[in-house]
Amino acid sequence: MRQSRLLIPTLRDDPGEAEIVSHRLMLRAGLIRKVAAGIYTYLPLGLRIIRKVEQIVREELNKSGAQEVLMPIVSPAELWQETGRWDFYGKELFRLKDRHERDFCLGPTHEEVITDLVRREVRSYRQLPANFYQIQTKFRDEIRPRFGLMRGREFIMKDAYSFDVDEAGATESYRKMYDAYVSIFTRCGLNFRPVEADTGLIGGTSSHEFMVLADIGEEGIAVCDACNYAANVERAELNAGPPPAASESARVKQLVSTPGHKTVEDVTAFLNLPAAKLVKTLIYLADGKAVAVLLRGDHAVNEIKLKKVLGATELVMADPATVEKLTGAPVGFAGPIGLSDTRIVADFEVKNLVNAVVGGNAADRHWVDASPGRDFNPDQYADLRNALTGDQCPRCSQPLRVVRGIEVGHVFKLGTKYSEKMKATYLDQQGQEKTIFMGCYGIGIGRTAAASIEQNHDAKGIIWPVSIAPFHVHMLALADKSGKVQATVTELEEQLEQAGVEVLVDDRDERPGVKFNDADLIGIPYHIVIGEKGLAQGQVELKERRTGTVTKLAPSEVVPRLKKLLIQ
RNA sequence: CGGGGCGUAGCGCAGACCGGUAGCGCACUCGCUUGGGGUGCGAGUGGUCGUGGGUUCAAAUCCCGCCGCCCCGACCA
């Protein structure tokens, strides 16, 4: 392929809109261009990369027995109303009406559509198990699209859905997909880690996220170096911590004036204490009933855990009026002392505090030197927060480390959540009607490419792994007075293409420096430099992008050498 | 949605405080030059200054509204 015939608009300057490496380099290397916030056009080079990732996904999924289908992007509201997600999905769902004012949406995911298909077409246990996947553009009206392809409103996703006769079958399907994902991300050359995850909006019973380790990752992962436990910080289970090292003796509690100091920062700054010495009291409405939730000032509540502990189906923070009615104080001064009629749950770490600050349940008042067990007694201690570095591993009690990751894949065991609501059933061997067990599985195609750049780049640009590189080889034709360069380039291009090596020839009338810099920026793994100087000695140069290693060799050696390198 | 920042040529920016009819670098076109790490010189092309209104003899510049984009945060009492 000739570079002069492809639109590869490289940029010398960093575009102002891009903050992170992969976004910047995708724009600079001419892979993508933005159309609107979170919506991009894939240029020829970018599209080739996307197709490479898709191909790997296809091959591995086909190998695992999944079958490819293609569902519509637009789906009718009725299907979403059946599962309740028409309302539950909220503003993230792109909605539209047709000319008859009927409601539709642009698919953010396809559980409803595929389950509808399966309930119509699958009757018998003989047709199961089945696993359907598609690679398709998805739409989610994200609250804040960012980082180029990392979090777009329109993006390409591989989504798959498994259907089994029972729980055991579903577990087997899940395991197969998990294994396929490991193969896929390994082939993409990523440093990744499967971690235990929460099930979020999709719902279901168990789930793993495939995280590419990178500092710019939007997700926190708690990892244990001692026993290999890894989980999303939202998911990681935390046990009651070690009993407190008896550092200080409990003093008598006092009510002090904290005029106007409502937030954790304000109060601790005013009292000159660390946030870890404060207990914050959050008032929630769990299915309409007020609950006080106690956490250390420096900890963040995890509402998913809280919901489980409370056994609540609906959980919202109480409005200021309710808080005032309950505590007798404006928002900012709630505390557990004297809240006798209200259920109080506290995070495990609260139990370990001595001489803590708590709200006074009166305007501009806080208690200092309050101690749990003596001054207030929660109804229950539980795990209510996200994991932090230093917390104990739930498996082996060694300290956890929190690292950042990019979620490129997610596998869920759904159970019968959708099949029950949508009545997707089959007849078993006894002729009994049974509900189908489901699983669902996603991979962000563009995000996988972006994650690869985050892990594979240097100051000059991208360094693609061979498996997803837009081309295998970038052949740079330098100045050519004699015509020899052109002749060699044409000959080599032909030989390489015949050998199945994908080659991009930089045949532009540009200075050598421009070509070298653009080639480094684009990041094709091998460069062949052909110039008159080298040819005078019967040689061309082969450069490995990652290491910069240059090998001089005769033109006739190029094809065999590359074939060998590319097979590795 | 809350906070902050920004919209001036394809890209990166100056001009704005102090109103006088738009500029720099890169890119692009043409000519010469150069030809192994973003050559050099010259001549050009390209902008309703995001948008609507207002103030003024005069608005990129001052005032108000709207739109878009980027960053941070988002029930944390």
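Only a predicted model underlies this, so the values are computations on that prediction, with no experimental measurement involved. To find a chain, count down the sequence lines: A is the first, B the second, and so on, and within it residues start at 1.
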Notebook entry, point to check: Hey, is the side chain of Glu532(A) pairing donor to acceptor with the base of G36(B) inside 3.5 Å?
Noted result: no
Notebook entry, point to check: With respect to the side chain of Val301(A), which nucleotide from G37(B), C76(B), C71(B) is positioned closest?
Noted result: C76(B)
Notebook entry, point to check: Where the side chain of Val323(A) is defined as all heavy atoms beyond and including C-beta, which of G35(B), C70(B), A77(B) is the nearest nucleotide?
Noted result: A77(B)
Notebook entry, point to check: If you check every side-chain atom of Lys280(A), which of G38(B), A77(B), G37(B) has the closest atom?
Noted result: A77(B)
Check: Is Ile283(A) touching bases, backbone alone, or none of the nucleic acid, heavy atoms closer than 4.0 Å?
Finding: base
Check: Looking only at atom P, what distance separates G50(B) and G3(B), rounded to whole Å?
Finding: 24 Å
Margin query: Taking Asp520(A) first and then Lys543(A), would you say they form a salt bridge - that is, a charged N and a carboxylate O separated by under 4.0 Å?
Written below: yes
Check: Rounded to whole angstrom units, what separation is found between the NE2 atom of His299(A) and the P atom of A77(B)?
Finding: 14 Å
Next item on the list: Counting heavy atoms from C-beta on, name the nucleotide in C71(B), G37(B), C70(B) closest to the side chain of Asp520(A).
Entry: G37(B)
Notebook entry, point to check: With rounding to whole Å, what would you report as the distance between G52(B) and U48(B) at their C1' atoms?
Noted result: 13 Å
Check: Does NZ in Lys97(A) sit with more than 12 non-hydrogen atoms of other residues, nucleotides or ligands closer than 6.0 Å?
Finding: yes
Notebook entry, point to check: Any Lys/Arg nitrogen of Asp287(A) or Lys289(A) sitting under 4.0 Å from an Asp/Glu carboxylate oxygen of the other?
Noted result: no
Next item on the list: With the side chain of Lys543(A) defined as its heavy atoms from C-beta on, choose the nearest nucleotide among C75(B), C70(B), G37(B).
Entry: G37(B)
Check: Does U48(B) have a Watson-Crick or wobble partner in any strand here, with both distances under 3.5 angstrom, and which is it?
Finding: none
Note to self: Suppose we define a pair by two distances each less than 3.5 Å, Watson-Crick or G-U wobble; what does C1(B) pair with here?
What the structure shows: G73(B)
Next item on the list: Tell me which nucleotide among A77(B), C72(B), G38(B) gets nearest to the side chain of Arg28(A).
Entry: G38(B)
Next item on the list: Could you state the atom-to-atom distance from CD1 of Ile143(A) to C1' of C72(B) in whole Å?
Entry: 13 Å
Check: For Arg545(A) and Asp458(A), what are the C-alpha separation, side-chain angles and deciding distance, and is it a salt bridge (charged side-chain N to carboxylate O under 4.0 Å, His left out)?
Finding: CA-CA 10 Å; Arg545(A) 170 67 181 89; Asp458(A) 62 15; 2.7 Å; yes
Notebook entry, point to check: If the P atom of U61(B) is compared with that of U51(B), how far apart are they to the nearest Å?
Noted result: 11 Å
Next item on the list: Answer with base, sugar-phosphate or nothing: what part of the nucleic acid does Arg296(A) contact at a heavy-atom distance below 4.0 Å?
Entry: nothing
Margin query: Could you tell me how far apart Lys305(A) (NZ) and C76(B) (C1') are, to the nearest whole angstrom?
Written below: 16 Å
Notebook entry, point to check: Touch check for Leu295(A), heavy atoms < 4.0 angstrom, all strands: base, sugar-phosphate only, or nothing?
Noted result: nothing
Next item on the list: Indicate whether OP1 or OP2 belonging to C71(B) is found under 4.0 Å from a side-chain N or O atom of Arg146(A).
Entry: no
Item checked: Interatomic distance where CG belongs to Leu478(A) and P belongs to U39(B) [whole Å] -> 13 Å
Next item on the list: Kindly point out which of A77(B), G25(B), A74(B) is positioned nearest to the side chain of Asp13(A)?
Entry: G25(B)
Next item on the list: Considering only NZ, NE, NH1 and NH2 on the basic side and carboxylate oxygens on the acidic side, decide whether Arg2(A) and Glu493(A) come within less than 4.0 Å.
Entry: yes
Margin query: For U39(B) and Arg511(A) - does any side-chain N or O of the residue sit under 4.0 Å from the phosphate oxygens OP1/OP2?
Written below: yes
Margin query: Measuring only the P atom in each nucleotide, how far is G19(B) from G25(B)? A whole number of Å is fine.
Written below: 28 Å
Check: Quick one: which of C69(B), A77(B), G37(B) gets closest to the side chain of Asn517(A)?
Finding: G37(B)
Check: Checking all strands, does Ala329(A) fall into the base, sugar-phosphate, or nothing category for heavy-atom contacts under 4.0 angstrom?
Finding: nothing
Notebook entry, point to check: What integer number of Å spans the C1' atoms of U8(B) and U21(B)?
Noted result: 14 Å
Margin query: For the C1' atoms, the ones on G73(B) and on C28(B), what distance do you get once it is rounded to whole angstrom?
Written below: 42 Å
Checklist line | Paired nucleotide for C6(B) [Watson-Crick or G-U wobble; both distances under 3.5 Å] | finding: G68(B)
Next item on the list: Looking at every strand, decide which applies to Gly297(A) at a 4.0 Å heavy-atom threshold: base, sugar-phosphate, or nothing.
Entry: nothing
Check: So what does Ala37(A) hit on the nucleic acid, given a heavy-atom distance under 4.0 Å: a base, only sugar-phosphate, or nothing?
Finding: sugar-phosphate
Next item on the list: Nearest-nucleotide wise, let me know which of His23(A) and Tyr284(A) is further upstream toward the 5' end of RNA chain B.
Entry: His23(A)
Notebook entry, point to check: Starting at the 5' end of RNA chain B, which residue's closest nucleotide do you reach first, Phe147(A) or Pro330(A)?
Noted result: Phe147(A)
Check: Taking the side chain of Arg12(A) as its heavy atoms from C-beta onward, which of G38(B), C71(B), C76(B) lies nearest to it?
Finding: G38(B)
Note to self: Nearest whole Å is fine: how far is U29(B) P from Glu510(A) CD?
What the structure shows: 9 Å
Next item on the list: Considering only NZ, NE, NH1 and NH2 on the basic side and carboxylate oxygens on the acidic side, decide whether Asp14(A) and Arg24(A) come within less than 4.0 Å.
Entry: yes
Notebook entry, point to check: Can you check the Lys484(A) NZ to G35(B) P distance for me, whole Å?
Noted result: 18 Å
Margin query: Suppose you measure atom C1' in C70(B) against the same atom in U55(B); what distance do you get, rounded to whole Å?
Written below: 32 Å
Check: Between the main-chain N or O of Val485(A) and the side-chain N or O of Glu532(A), is there a donor-acceptor pair closer than 3.5 Å?
Finding: no
Next item on the list: Give Asn361(A) one of three labels, base, sugar-phosphate or nothing, depending on what nucleic acid heavy atoms sit under 4.0 Å from its own.
Entry: nothing
Notebook entry, point to check: Which nucleotide sits closest to the side chain of Lys34(A): C76(B), A77(B), C70(B)?
Noted result: C70(B)
Item checked: Salt-bridge present (Arg48(A), Glu502(A); N to O < 4.0 Å) -> yes
Next item on the list: Using only heavy-atom distances, decide whether a donor-acceptor pair under 3.5 angstrom links the side-chain of Asp14(A) to the base of G12(B).
Entry: no
Notebook entry, point to check: Roughly how far apart, to the nearest Å, are C66(B) and C71(B) at atom P?
Noted result: 23 Å
